[in-house]
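The next block holds one structure in the form of structure tokens; read it before the comments.
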2 protein chains.
Amino acid sequence: MTEPRFQRRKEDRPAEITAAALAAFAENGYAATRVDDVAKRAGVSKGLLYLYFKTKEELFKAVIRSFISPRIDALISNVEETELSAEEFLRGPFLEFACSIPKSPARVLLKLMVAEGPKHPDLIAWYWEHVVSRGITALRMLIQRGVKNGEFRESALDEFPQLLVTPIFFSLLWKLLFQPHSELDTDQFIGAHVDMVLTTIKAETA
Amino acid sequence: MTEPRFQRRKEDRPAEITAAALAAFAENGYAATRVDDVAKRAGVSKGLLYLYFKTKEELFKAVIRSFISPRIDALISNVEETELSAEEFLRGPFLEFACSIPKSPARVLLKLMVAEGPKHPDLIAWYWEHVVSRGITALRMLIQRGVKNGEFRESALDEFPQLLVTPIFFSLLWKLLFQPHSELDTDQFIGAHVDMVLTTIKAETA
DNA sequence: TATATTACTGACCAAGCAGTCAGTAAGGAA
DNA sequence: TTCCTTACTGACTGCTTGGTCAGTAATATA
């Protein structure tokens, strides 16, 4: 007659706890987040949480890893397999990806990385290896492909592919800090930047 | 004969405590910083610290305010009083300012703002009013001056002067996170960006 | 239905910390 | 030298919180 007090759902618990933790960390930061609060959000007791994650720190690392990996993997395989020209790719899938980031709920990850990253060197190392350096490499390949087939001329972008993504991070920071004070139309903002970059590096075709 | 156990230096204490707090907050973040630690770094007892700052939060706000104000004030009055052309100013004083930020020790302020800002709305409001909106306005004026006297053509920069400063913040983030993993030559990086922007907005002078 | 297994709970503890305050001593005034 | 003001100290406290573990109840098995 009585509802069971809980269900046993070994498979789903880690993902549920991780999602709850992302929300909590995003709201309060790592140090100010109470493990009890995470457990409550996940609808679980603190004891169970500690069954799946050895410490608060382990939980934090799991959060970062589980939310970032899928996105970057998608972009990179996209770059490698596309049949579009470099410019078409930059104006198409890349721009779409770039514009989606500041809107995604995962944008709070930047806050977490900045605030807590430096205290977890192995996390930074993982992030560098699996996300950043792979991303940079993919971008550089894309640009060089453009140079090789005469679409682009040689430019600072060859050395600094990061110049393409600066407005993404700026938009993230802006939204994180000044959301209520000022709207930034991130689509237009990022679009204008990509446009500017392409204008300067496009080989003359007149 | 015996050294006095302490000196009374009412005038200097606040600045000393503020400096110590910046170091401590930068290292550990706000929540993880112990007031005792700040006091120790400042060579002062915790009790004295609470004489000058009502709470830990007040101390935090004082830190941000006291380190940011002077820098932005200098830049803005510089823009207003310069006799250089817009391009000369951007390639000269502006570029110098931009390149100096990622090297300055105050770069950790970004970390603090991102991590803790959203929990202190009045701090964000102050920052918006005294730093960001003033800075944006100054930049916009500079660009419009360039447009008016025929140096620049109309462009997305008129609406988004922020496009000029994105690589500064990117450099800050990069250094904050990946300092040991990868060096970024921020001078060249920011220089390349400013160059790119100027190339696209410069009116034809051939 | 009886028994075994284990996912899960929640009360508990030891440690750490923001903020207080009664008392101390530096340094100026007389 | 003596007295007075106040900058300064540091022990103390009440509360918070990461992590533990003995016990409970949901499911699998026979």
Side-chain angles (χ1 to χ4, degrees), chain A residues 1-64 112 115-116 119-120 123, chain B residues 1-64 112 115-116 119-120 123:
Chain A
M1 203 78 295
T2 51
E3 288 286 298
R5 301 228 326 269
F6 56 86
Q7 290 162 23
R8 313 172 117 213
R9 303 204 334 275
K10 192 183 159 122
E11 305 301 320
D12 303 331
R13 295 302 192 194
E16 291 172 11
I17 293 171
T18 287
L22 174 63
F25 286 147
E27 218 165 275
N28 308 314
Y30 175 79
T33 292
R34 309 294 141 219
V35 176
D36 250 329
D37 178 40
V38 174
K40 210 157 273 167
R41 287 183 198 231
V44 149
S45 73
K46 192 162 66 164
L48 184 65
L49 188 154
Y50 274 98
L51 204 75
Y52 291 110
F53 303 93
K54 261 214 273 297
T55 63
K56 188 185 177 188
E57 185 178 346
E58 281 305 316
L59 172 61
F60 174 69
K61 292 181 191 170
V63 168
I64 302 281
L112 284 178
E116 304 299 332
K119 258 180 287 181
H120 308 276
L123 181 63
Chain B
M1 207 77 295
T2 51
E3 288 284 295
R5 302 226 326 271
F6 56 85
Q7 290 162 22
R8 315 171 119 212
R9 306 206 330 278
K10 193 182 160 120
E11 306 302 321
D12 303 331
R13 295 304 192 193
E16 290 174 12
I17 293 172
T18 288
L22 174 63
F25 286 146
E27 218 165 276
N28 307 314
Y30 175 78
T33 292
R34 308 297 140 219
V35 175
D36 250 327
D37 180 39
V38 174
K40 209 159 273 165
R41 288 185 197 229
V44 149
S45 72
K46 191 161 65 164
L48 183 65
L49 190 156
Y50 274 98
L51 204 74
Y52 290 110
F53 303 94
K54 261 216 271 299
T55 64
K56 190 184 176 187
E57 186 178 343
E58 282 304 318
L59 172 62
F60 174 69
K61 293 181 191 170
V63 168
I64 302 281
L112 285 177
E116 305 299 333
K119 258 180 289 178
H120 308 275
L123 181 63

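By convention in this document, chain letters (A, B, ...) are assigned in the order of the sequence lines, proteins followed by strands, and residues within each chain are numbered from 1. As the structure is a prediction and not an experimental result, all values here were calculated from the model.
Ala39(B) and Leu49(B) get closest at one heavy-atom pair: N-CD1, 4.1 Å. Here the closest heavy-atom approach between residue Pro14(A) and residue Lys10(A) is recorded as CD-O, 3.4 Å.
On the nucleic acid side, DNA chain D contacts chain A at distances under 4.0 Å to non-hydrogen atoms, with the end points of that region at dT17(D) to dT27(D).
Annotation: side chain to side chain donor-acceptor pair (under 3.5 Å) contacts of Arg9(B) (sequence neighbours excluded): Glu16(B). Qualifying side chain to side chain contact (heavy atoms under 4.5 Å, CB included) partners for Ala42(B), counting only residues two or more places apart in sequence or in other chains: Ile17(B), Ala20(B), Val44(B).
Looking at which nucleotide of DNA chain C each of Phe6(B) and Gln7(A) is closest to, the 5′-most match is held by Gln7(A).
Distance, Arg9(B) CZ to dG27(C) C1': 14 Å, rounded to whole Å.
If you check residues 46-62 of chain A against DNA chain C, the residues with a heavy atom closer than 4.0 Å are Gly47(A), Leu48(A), Tyr52(A), listed by number. Of the residues in residues 27-40 of chain B, Thr33(B), Arg34(B), Val35(B) come within less than 4.0 Å of DNA chain C through at least one heavy atom, sorted by number.
Applying the side chain to side chain donor-acceptor pair (under 3.5 Å) definition to pairs two or more places apart or across chains, none involves residues 45-55 of chain A.
Between His120(A) and Tyr30(A), the ring-plane angle classifies as perpendicular under the 30° and 60° cut-offs.
Residues Phe60(B) and Leu123(B) have side chains in contact (heavy-atom distance under 4.5 Å, counting atoms from C-beta outward). Between Leu22(A) and Leu112(A), some side-chain heavy-atom pair lies under the 4.5 Å cut-off.
For the pair Asp37(A) and Arg41(A), the salt-bridge criterion is met [side-chain N within less than 4.0 Å of a carboxylate O].
Remark: side-chain polar atoms of Thr33(B) are paired, donor with acceptor, to backbone N or O of Ala24(B) under 3.5 angstrom.
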